[in-house]
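The structure appears below as structure tokens.
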Amino acid sequence: MVAVAQTSQESLKQRLNVSGGRDLSGTLKVSGAKNSALVLMTASLLSAETVELSNVPALTDIDGMTAILESLGVHVDRISDRIRLTASTLSGSTPPYELVNSLRASFFSIGPLLGRLGHARVPLPGGCRIGARPVVEHIRGLKALGAVVNVEHGIVTASVPGSRKRLTGAQIVLDCPSVGATETLLMAAVLADGVSTIENAAHEPEVQDLANLLNTMGARVRGAGGPLITIEGVEQLHGCSNYPVIPDRIEAGTFLMAAAITRSTMVVEPVIPEHLSAVIQKLRDCGCSIDINGRAITITPGVVTAVDITTQPFPGFPTDLQAPFMALMCTAKGTSVISEKIYENRLQHVAELQRMGASIRLEGSTAIVEGVAQLSAAPVTGTDLRAAAAMVLAGLSAKGTTQVSGLKHLDRGYDDLEHKLNAVGAEVKRNIS
Ligand code: UD1
């Protein structure tokens, strides 16, 4: 836990100096998906045996999840991109509020804890910079599975009544296709007594990745990736070795936009192209040529012209790439309309891009972006994880050296970003002031 706190403190003081105007060339390597890895780690709570994951990215969020799982009694071993998690005995303790609040995905541990132990106490994650982000869907679903849930003093306490302490299969219909609620309930239902269904489930690839891991551990999950997931409960799950985390589609999308904003031909790999269909389509619409060859994408930008996007649940355009795409549109020919439909407060990067000479008008949750001939370097702040990535992209294309602060956000979700960019010709330096 101390290590995580120190890392954040260090990130607070650091900034990236991004020299603009360099041509990039070569291959950008994509790491394992942050959002998958985090939830797969919590799935280890479901088994007394060791769960071994590979292709785990090196991120402060992964360090945070490690600290939370350790606080619950999980033994965690990490060697390079492999992580071994053994939850043979669980302490039954409550993870610290500070950790849960800084890492929303850790709240999802309430599902597997309840499924395995019959009781769980997890602090409410609270709001965050991009929006309120409630967890009502998670709680409603746990109640449908037979849990008694109380929220008091900021802590959610859930327990299964009766001597068997086992959840009961149920039909759950989500009001909105929340990724986290789908994952929480999926993990709770795999050890329940009987069959559960989750209707209006999230379709995101990370949900499919979780279902695949659970099935590898002996669960019986069908339909993940579609709107109806069916889970036949089993008595217990076993461990597994070398389960590879899927490639990070958001990091891959960020890299494609880095190529586009610098007008550089680049290869981005490994990717699962179907995870990026909406992004690839928009990049093609704005004039980039995209070649897909197995798990590699080659992007050759032409004259980048403005296109409109509206963020949507998968398979629509992901909210997590809205800020990077806006940075690209700041340099496009023409005017693009960018509508944020998932989070109520995810346009804070607009003010930062304006500091770099971008021409953007805000109308509620819509940004109208008029492309300019060139952005100009300025000191800017990444106000959240993806906003910080957008600042780096803007810096790659701007005239001069852009100083990006807010690295505590960037380091949560991008594995070694500056080294990866420098390896393809960028000049990005981390400075400690
Ligand atoms: C996950 C991702 C995050 C991504 C988001 C949307 C992880 C760790 N994080 O977050 O990077 O931006 O999906 O793709 O996987 N909502 C409700 N009630 C609820 C739950 C959610 O109204 O009970 C709303 C939220 O306020 C938000 C929308 O649903 O507007 C999407 O949230 P959700 O899918 O739950 O996002 P997360 O799982 O938290």
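Read the numbers this way: they start at 1 and go in the same order the structure lists the ligands and their atoms. Not measured: the values here are computed from a predicted model.
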### Message
Test of understanding: with side-chain hydrogen bond (donor to acceptor under 3.5 Å, both in side chains), list the residues that count as partners of Arg346, not counting sequence neighbours.
### Response
Thr319, Asp320
### Query
Do the charged groups of Glu370 and Arg361 touch, with an N to O distance under 4.0 Å?
no
How far is [atom] from its nearest protein heavy atom, and which residue and atom name does that atom have?
| atom | value |
| --- | --- |
| atom 29 (O) of ligand 1 | Cys176 SG, 3.8 Å |
| atom 23 (O) of ligand 1 | Glu137 N, 2.8 Å |
| atom 10 (O) of ligand 1 | Arg133 NH2, 3.1 Å |
| atom 36 (O) of ligand 1 | Tyr343 OH, 3.6 Å |
| atom 8 (C) of ligand 1 | Asn35 OD1, 3.4 Å |

### Query
Closest heavy-atom contact between Ile110 and Ala158?
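Smallest interatomic distance, heavy atoms only, reads CD1-CB, 4.3 Å.
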### Task
For Ser44 and Leu85, indicate whether the former's side chain and the latter's backbone hold a donor-acceptor pair under 3.5 Å.
no
### Task
Only heavy atoms count here, so choose which of Thr184, Val179, Ile250, Ile342 is nearest to atom 34 (O) of ligand 1.
Val179
### Message
Is it the case that ligand 1 has an N or O less than 3.5 angstrom from some N or O of Thr319?
### Response
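The answer is no, given that Thr319 and ligand 1 share no N or O pair closer than 3.5 Å.
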### Task
Establish, from distance only, whether the side-chain atoms of Thr311 and Glu340 form a donor-acceptor pair under 3.5 Å.
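The answer is yes; a qualifying pair exists.
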Please tabulate, one pair per line, all N/O donor-acceptor pairs under 3.5 Å involving side-chain atoms of residues 31-38, not counting sequence neighbours.
unit_1	atom_1	unit_2	atom_2	d
Ser31	OG	Asp415	OD2	3.2
Ser31	OG	Lys420	NZ	2.7
Ser36	OG	Asp209	OD2	2.9

